[in-house]
Amino acid sequence: MKLKTLIIGGSNTVMQPGYLPSLLSTMARRGVELDIVADLAVGGTTSAFGLYQLKTREQELADCDLLLIEYALNDAFVYGDERRPFRHWARFYEGIIRFARERNPKLRIATLVFGSRNGSFLTSVPSIDAGITYISQWYGTICVDVSRLLMQKLGREVVGHPSFYSDQGHYARPVATTMVANLIADELELALAAPLRPAALPPAIDPEHFAGARALDGAWLAKRLGQPVVEYSNRRFSIAAVDLGRDRLRFEVEKGMLLALNYVCEPRIPPLDVRMGEDMHRAAMLKGGVRDGTYKFLVSMLSFEFLYGPTLLDMQQTRALVLSGGTVSAEHKLHVPRDSIRHETFPAEPVLPLAGILFTGNLKACAIERSAAPLTRPADQLAEISPELAASGS
C-alpha cells in the first residue's frame, strides 16, 4: 500500500533524527509506504498554524491520501485546561478536520498525541488530549494517543523518568523516539488496514469552528499592500513575506477576529505592537536560537488569543487593529509567548517580515499606514535579504 501523505505539526516532527524517519521505515517494512508529498511541520507552532498551512496548500490536500497531525503537545503548552482557551483551541482542531474532509472526502486523518516531561498525563486526564480523542471519534478519524499507550505499556515510573526525554517537550533520541515510532506504527497499521468508507460530514460540534477561516499568504499581502516580496529560503521552505519595517498595518474584520500571524523571525525583528481600541498590546517575536546565531532565521507563528480576554469566544464583533513594530516609549501590555524571549534591545533598522495572516469574519480593511519617520533602510534594498539568507537553516 502506498499513501500520499501530508504532515502538519511541531518540532517533534521536524526533529532529525526523531520519530518520523523511524516511523516511515517501520511502516515500509510492514508493507505501507507513506509517500511524503509535503512535510509542513514547523517547530513552536500550534493547530492555528496547521489550519493556515492547509488553507494555503489546498491542492496538495485534495490530492493526498493521509493527513498526519502532531500539535497536541504544543497546543497543551499554549491553551492548557482553562475553559475559554480550551474551547478556542477546539475550534481550531475541529476546523482542521472539517476543512480537510470538505476538500478531500476520501482523506484518512491521523492525529498523534505526545506528552511532555512532567506532563499532566502522568497524573490526570489532560484536556487537550481528551478533546482530540472526542473530536476524532466524532469525525471517525484516527487518534494515536502515544502518552496513554506509553503509560499502559511501560508504566508511570519509566515514562515519568527524566531520561525518557531530551528536554521538556521532546522524547530522548534514539531509544525513546524509536519506541514511540513503533507504537504509532502498530496503531496506524491496524487503522489503515480497515476499508476506506467515505461518509458525509456529521453536524459540527461547535458551530463556531474555524473551518471557514481565511488565510492570506505573503504573496497576496504584497499585492494587496503594494509592497515588494521578500523571499526567505532554507532546506525545507521558501517563504514569501512583506517587510512592514517602520510602517503600520491596519486590519479590520466584521463578525470575526485575527487568529494568527505567520512571520519570519530574523535578528532585526522588533516586538509587535497591536493597538485595539484604547489598548496597546506588545508581543515578543524574537526566538532564542535566532538571537544566539544558531539560526539565521526561523519560520514562526504568533497566535492572538492574548488580545481578546473575555471576548475570546465572541465571533459577532467588528474588530479593528493596527499592527506595527514596537518602539521603546510606547506603553503596552506585554505578552511573551512560550517559545519567544523578551527583547532586551530594539533594532536600529527593524525588519518585520509578515508571511501570512489567518482570520475569521468579513475582511473590511487591510492597508498600510505609512510611518512619519523615514525607513533607515531604503525600500530598494529589501530584495537583498534573500541572497543573504538563502543558505540558512530552520
Side-chain angles (χ1 to χ4, degrees), residues 8-10 44-52 69-99 111-139 141 143 145-148 151 168-169 201-213 253 255-261 274 276-277 279 281 283 301-319 321 333-340 358-361:
I8 54 176
T45 59
T46 66
S47 289
F49 191 71
L51 182 58
Y52 172 85
I69 305 170
E70 181 271 305
Y71 287 116
L73 191 148
N74 288 1
D75 286 345
F77 282 152
V78 173
Y79 300 104
D81 296 326
E82 295 183 17
R83 183 193 64 83
R84 191 181 294 123
F86 174 78
R87 186 173 177 187
H88 185 74
W89 162 82
R91 291 174 173 178
F92 279 118
Y93 184 69
E94 185 173 12
I96 287 174
I97 302 298
R98 289 191 74 89
F99 177 72
T111 301
L112 312 179
V113 179
F114 294 162
S116 65
R117 183 173 61 194
N118 302 322
S120 63
F121 74 96
L122 293 168
T123 55
S124 64
V125 179
S127 297
I128 297 295
D129 300 13
I132 289 174
T133 299
Y134 184 92
I135 297 172
S136 298
Q137 290 181 350
W138 184 270
Y139 285 94
T141 64
C143 175
D145 192 335
V146 175
S147 297
R148 176 180 57 80
M151 287 281 283
Q168 182 66 17
L201 278 172
I205 300 170
D206 188 336
E208 300 286 0
H209 61 76
F210 295 148
V253 291
K255 294 184 177 181
M257 62 170 54
L258 183 59
L259 294 173
L261 182 73
V274 183
M276 188 171 67
D279 295 327
H281 298 265
M301 183 203 75
L302 175 68
S303 55
F304 287 106
E305 295 82 22
F306 65 93
L307 294 177
Y308 304 115
T311 69
L312 177 63
L313 301 179
D314 185 355
M315 293 293 105
Q316 300 306 308
Q317 293 195 23
T318 293
R319 291 180 166 101
L321 306 94
K333 301 175 183 178
L334 181 63
H335 171 66
V336 182
R338 183 182 180 91
D339 61 334
S340 296
L358 183 70
F359 69 97
T360 60

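Because the structure is predicted, anything quoted here is derived from the model rather than measured. Just the heavy atoms: all of them, side chains too, but no hydrogens, waters or symmetry mates, feed the values below.
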Check whether any side-chain heavy atom of Asp129 lies under 4.5 Å from a side-chain heavy atom of Thr133, and answer yes or no.
no
Indicate yes or no for a side-chain donor-acceptor contact from Glu208 to the backbone of Met315 under 3.5 Å, with no hydrogens or angles considered.
no
Drop me the distance from Phe121's CZ to Asp145's CG, to the nearest 0.5 angstrom.
9.0 Å
Pairing residues for Gln168 by the side chain to side chain contact (heavy atoms under 4.5 Å, CB included) criterion, not counting sequence neighbours
Phe77, Ser116, Arg117, Asn118, Arg338
Tell me if a side-chain donor or acceptor on Arg84 pairs with a main-chain N or O of Thr311 at a distance below 3.5 Å.
no
Judged by atom type as modelled, is there a donor-acceptor pair below 3.5 Å linking the side chain of Ser136 to the main-chain atoms of Thr141?
no
Can you tell me if Arg87 uses its side chain to pair, donor with acceptor, with the backbone of Asp206 under 3.5 Å?
no
Hey, do the aromatic rings of Trp89 and Phe92 have their centres closer than 6.0 Å?
no
Nearest 0.5 Å, please: how far is CZ in Arg91 from CG in Leu312?
7.5 Å
Looking at Phe210, Tyr93, Phe304, Phe306, which one forms a ring-ring contact (aromatic ring centres under 6.0 Å, His included) with His88?
Phe210
Please check if the distance between the ring centroids of Tyr308 and His281 is under 6.0 Å.
no
Tyr139 side-chain N/O to Ile97 backbone N/O, donor-acceptor pair under 3.5 Å:
no
Please report the closest heavy-atom contact between Pro203 and Trp138, naming both atoms and the distance.
O-NE1, 2.8 Å
CD1 of Ile132 to CG of Asp75, rounded to nearest 0.5 Å, is 6.5 Å
Distance-only, no hydrogens or angles: does the Asn74 side chain make a donor-acceptor pair with backbone N or O of Thr45 under 3.5 Å?
yes
What's the shortest heavy-atom distance between Ile128 and Ala72, and which atoms?
CG2-O, 3.9 Å
If you define the side chain from C-beta out and look only at heavy atoms, does anything of Leu258 sit under 4.5 Å from Arg319?
no
